[in-house]
Protein chains: 2
Amino acid sequence: MTRVLVIDDEPQIVRALVINLRARKYEVDAAHDGATALELAAAHHPDVVVLDLGLPDMDGVEVIKGLRGWTRVPILVLSARHTSDEKVEALDAGADDYVTKPFGMDELLARLRAAVRRAEPTGAGEDEVLVETDEFTVDLAAKKVQKHGKDVRLTPTEWHLLEVLVHNTGRLVSQRQLLQEVWGPSYGTETNYLRVYMAQLRRKLEADPSHPKHFVTEPGMGYRFER
Amino acid sequence: MTRVLVIDDEPQIVRALVINLRARKYEVDAAHDGATALELAAAHHPDVVVLDLGLPDMDGVEVIKGLRGWTRVPILVLSARHTSDEKVEALDAGADDYVTKPFGMDELLARLRAAVRRAEPTGAGEDEVLVETDEFTVDLAAKKVQKHGKDVRLTPTEWHLLEVLVHNTGRLVSQRQLLQEVWGPSYGTETNYLRVYMAQLRRKLEADPSHPKHFVTEPGMGYRFER
DNA sequence: CTGGCGCGTCAGGGTTGCGTCAAAGACGGT
DNA sequence: ACCGTCTTTGACGCAACCCTGACGCGCCAG
């Protein structure tokens with residue numbers, strides 16, 4: 001059974017979607033704001049997400065990024081905005097499709113089927129949501145890190161950096177790529193940022209920060225996360 | 001480089017698409033009817049297809065089915081028809097997205113990026129990026145070298161040199177080419193650099209550095225990497 | 001035999017890059 | 001408006017890397 005997560009703050013839209021989806025034998029969760037949506041997604045691992053960009057608590061694009069931090073689940077965006085910019089922004093943030101309101105239910109369902117269909121066969125190669133080392137654990141979905149069972153507090157930038165590194169476990173990530181993914185495309189040479197934040201990550205996570213086992217420096221090239 | 005196949009019978013639309021795509025460094029093929037489209041797709045294996053449903057020789061949906069018979073390449077449908085039925089039919093036939101004309105070029109390009117992005121593999125089913133010899137292995141994706149199972153640390157220049165040689169496994173690479181690829185286009189005669197760094201590579205990777213088996217010198221010409 | 005050429009090896013010095021610390025600046029919440 | 005947290009920026013020491021020059025060896029031609 002296909003699990004759908006519907007995120008929208010307008011009750012009548014949610015109701016219409018839920019009714020139609022349930023009638024077609026989908027399993028449906030609903031959230032009316034971004035925070036609970038991210039929680040639900042982490043807890044239930046839906047097969048597809050329907051997301052309204054106009055949420056009360058946070059920007060819809062932030063929800064997309066939050067999901068894309070740990071999963072490749074198809075995201076179908078709903079929005080009342082017709083402007084090209086909004087669409088481009090959402091799609092480039094990681095959305096798979098963009099439907100403007102008002103929408104035809106038939107079309108939405110067809111787009112949903114298309115999104116689920118192309119995700120299916122890839123579903124076998126599951127992404128690791130929980131990455132463990134001998135001394136700490138990274139939960140990409142819950143955005144939580146534990147060291148010897150105790151929660152570790154990371155700042156947003158620290159987390160983002162960790163996320164990129166863990167996504168490429170074992171692979172070398174160039175300093176340029178790290179800077180552009182964490183700080184934005186206009187960065188690329190500010191390697192001092194990396195030095196500072198790598199030091200903080202190591203101080204918080206490594207057993208011996210001055211002799212890192214998991215956050216390895218490859219001088220002149222980049223950094224590598226080793227399990 | 002990403003290969004795009006554009007299928008449309010209206011010359012001005014094809015021209016607009018081709019110009020925009022080429023400007024963004026896509027490799028573009030164009031077909032103006034379904035039959036040649038299917039041929040081109042089979043011959044060139046595009047990474048994404050942009051398909052106008054209104055073709056002179058056959059129904060666009062037939063083109064979709066024809067493609068879906070053997071490939072999962074993302075298909076982005078263009079159409080002047082706004083009716084829900086048409087969209088549903090195309091999407092259920094196997095299309096990935098449906099854009100109605102007139103369309104905004106920005107939006108189309110964003111949808112194209114989204115389609116290409118999700119088709120990209122992550123991590124697992126990768127290309128052949130592992131080169132093995134009897135004594136060491138080179139992982140081009142992770143930028144990692146192991147000798148008898150133990151990691152070997154290479155400096156950036158050493159790695160870069162190795163990369164060029166491995167990319168041309170079995171072929172002779174001229175000293176000029178090596179110098180220009182590793183040190184930059186203004187170099188070409190500083191063969192002493194090569195001597196020093198080849199020696200270091202051999203010392204780190206060869207079983208008997210003074211009698212190299214894999215990093216072969218072709219006197220006066222260049223070097224060759226043999227598996 | 002001898003000189004020249006190309007290649008391999010080695011070691012020293014200038015330079016770059018990294019880790020660390022500290023402090024100033026920006027931001028958000030109370 | 002104040003305060004705490006996070007981010008940015010600068011300075012410094014140290015290690016590693018890159019370049020360079022010198023030397024030895026083998027090969028070939030004169």
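Naming convention: chains lettered A, B, ... in sequence-line order (proteins, then strands); numbering from 1 in each chain.
- Rounded to whole Å, the distance from CD on B/Gln175 to P on C/dC5 is 16 Å.
- Using a 4.0 Å heavy-atom distance criterion, A/Ser210 is classed as a sugar-phosphate-only contact.
- Note on A/Tyr223: a side-chain N or O is less than 4.0 Å away from OP1 or OP2 of C/dG19.
- Under the 4.5 Å side-chain criterion, counting only non-hydrogen atoms from C-beta, A/Asp33 is not in contact with A/Leu55.
- For the residue pair B/Arg176/B/Thr191, the side-chain donor-acceptor check at 3.5 Å is not satisfied.
- Within the structure, every side-chain polar atom (N or O) of B/Thr155 is placed at least 4.0 Å from both OP1 and OP2 of D/dA16.
- Note on A/Trp183: only backbone sugar-phosphate atoms sit closer than 4.0 angstrom, heavy atoms only; bases stay farther off.
- Atom pair A/Leu154:CG and D/dT5:P shows a separation of 16 Å (rounding to whole Å applied).
- Between B/Arg153 and D/dC17 there is a side-chain polar atom (N or O) within less than 4.0 angstrom of OP1 or OP2.
- Residues B/Arg111 and A/Leu91 form a side-chain contact, since some pair of their non-hydrogen atoms from C-beta on lies under 4.5 Å apart.
- Between D/dT20 and B/Tyr193, a contact under 4.0 Å exists linking OP1 or OP2 to a side-chain N or O.
- OP1 or OP2 of C/dC7 has not a single side-chain nitrogen or oxygen of B/Thr217 nearer than 4.0 Å.
- Contact annotation: A/Arg202 does not reach the phosphate of C/dT20 (side-chain N/O to OP1 or OP2, under 4.0 Å).
- In this structure, the side chain of B/Asp139 does not engage the main chain of B/Leu130 through any donor-acceptor pair within 3.5 Å.
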